[in-house]
2 protein chains.
Amino acid sequence: MTTRAADHIREKLEQAILTGSYGDGVRLDELQLAEKFEVSRTPIREALQMLAASDLVELIPRRGAFVRHPGFVELVEMFEVMAELEGLCGRLAARRMTDSLLSELKTAEQGCMSALDDGDTDAYYRANEQFHTLLYQASGNSFLTAEAKRLHKRLQPFRRLQLQARGRMWQSMEEHKAILLALETGNAEASAGLLRDHVAIQGEKFHDLMAGYHAQPAGQGVEQMV
Amino acid sequence: MTTRAADHIREKLEQAILTGSYGDGVRLDELQLAEKFEVSRTPIREALQMLAASDLVELIPRRGAFVRHPGFVELVEMFEVMAELEGLCGRLAARRMTDSLLSELKTAEQGCMSALDDGDTDAYYRANEQFHTLLYQASGNSFLTAEAKRLHKRLQPFRRLQLQARGRMWQSMEEHKAILLALETGNAEASAGLLRDHVAIQGEKFHDLMAGYHAQPAGQGVEQMV
DNA sequence: TGTCAAGCTCTTGTATACAAGAATATTGTT
DNA sequence: AACAATATTCTTGTATACAAGAGCTTGACA
């Protein structure tokens, strides 16, 4: 556990940026934030440094910190990398799967199913997240797990958006079933391929979704993309 | 260009850590560093924050910043991920290769060859680095390029070490030739596979190398691994 | 009226001062 | 002599003070 104020502030700002409270290019004023969080500029500056390291803000010398949302092209690029990382997780997980993790994965899958039955998008979202997190762990590669989690988090708002596409939740669950089967039978290459496609298709669905958009009300975390 | 002192200090400390000047677990005292760099604690602290973000040091609240070298297991894990990222670069590069980048790649390959003829390990190392950097760019995915560069940099000292293995430089160049051919003919899957193996083999060679070691004089950037 | 420049203001970058927790030394007790 | 409790010192975390560059305002001139 951390007792540093800067960490807490970073967390808050990160959430605010990821949920779209701060639009692209918005300048984060140190004094304003200092008042808002009731601390001095020092911990604010530390938080901004950390956000810059995660590439959530751009730090321009003598100018300030500016929120930096990924553009459309960058987003597609990120999905491309995420697909590969998940594919690797799948390949390794198929070889290194443990009984306990497999059963946890099945539980998460059950969670997806019942959420789908209830039409509870939020619950589906959480169970889906759990499924993927477990998969990362099953890779048995903690560095990979950390990297996958990092990117997953970064793509979180856009994945959520993409899940709202018509029929996507149902299709996603079908894919999960196939993935679970491949993992259970230890079919490494099948797992890798299925998972890569599973994520890649998210990027493509997202692409489709954006193509029709281009005029979205603010505050949805999308308005900053061209 | 940046005019901030903290960035400069970060750069210096990063080099010092990567080259092994600071061993694993060493505590970086803020006051000491402030004297050494002739600045106050403020920019030192900012530099340490950034290093913590890159996972080069661990920041323990109220205790300080401790250098954190990857252990053997983590290193193998990192090579595993690096192999996959390079593989992806190869797959994309084969599809998106431009004439200009291909010719640059060939130039870098020439550089490797002549360095090998001269027995100049250092020159070979630089040309090899150039080869891989160009490959990343050829992927046409700037996010992937950035991630690959980041991890490449992190593995740099160990890759260098590994190149000293007997016959490895020669073998590496043979692999480069095959990779170039696959890229030139636009064979995406072959490029991906060859590059993945090219890096994976580095991890394995590294493994071999370590197996015999276990008693290395200090200052080589290896002593911190079990 | 538009443009450019000098000065002013505002914000960031750095240094220093202060607060509080952690490590260490000291002293008293068994 | 060994251990525990306490006091002291040292280091980090935070606040404030100071320095300097960026941008804006105002005014002069074309």
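First the proteins, then the strands, lettered A, B, ... as listed; each starts at 1.
A salt bridge does not link A:Glu147 with A:Lys153: every distance from a Lys NZ or Arg NE/NH1/NH2 to an Asp or Glu carboxylate oxygen is 4.0 Å or more.
As rounded to whole Å, 14 Å separates atom P of D:dC10 from atom CD of B:Glu35. What separates CD1 of B:Ile9 from C1' of C:dT14 is a distance of 11 Å, to the nearest Å. Rounded to whole Å, the distance from CD on B:Glu30 to P on C:dT16 is 15 Å.
The side chain of B:Ser40 lies closest to C:dT14 when the candidates are C:dT11, D:dT12, C:dT14. Nearest to the side chain of B:Asp29, among D:dT12, C:dT14, C:dT11, sits D:dT12. Listed nucleotides C:dA15, D:dA15, D:dT11 differ in distance to B:Pro43; the shortest reach to its side chain belongs to C:dA15.
Considering only side-chain N and O atoms, A:Arg63 lies nowhere under 4.0 angstrom from the phosphate OP1 or OP2 of C:dG13.
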Legend entry - Intermediate values then yes/no, side-chain hydrogen bond (donor to acceptor under 3.5 Å, both in side chains), B:Gln49 and A:Glu46: CA-CA 7 Å; B:Gln49 304 271 344; A:Glu46 295 194 349; 3.1 Å; yes
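Checked by distance alone, A:Arg41 brings a side-chain donor or acceptor within 3.5 Å of a matching partner on the base of C:dG13. Contact annotation: side chain of A:Arg62 to base of D:dG23, donor-acceptor pair absent below 3.5 Å.
Applying the ring-ring contact (aromatic ring centres under 6.0 Å, His included) rule to B:Phe143 yields no partners; only residues at least two apart in sequence or on another chain are considered.
At the heavy-atom level, B:Arg45 lies under 4.0 Å from base atoms of the strands shown.
Both B:Thr42 and B:Leu31 lie close to DNA chain D; mapped to their nearest nucleotides by heavy-atom distance, the more 5′-ward contact belongs to B:Leu31.
Counting non-hydrogen atoms of neighbouring residues, nucleotides and ligands closer than 6.0 angstrom, the CG atom of A:Asp122 exceeds 12 such neighbours.
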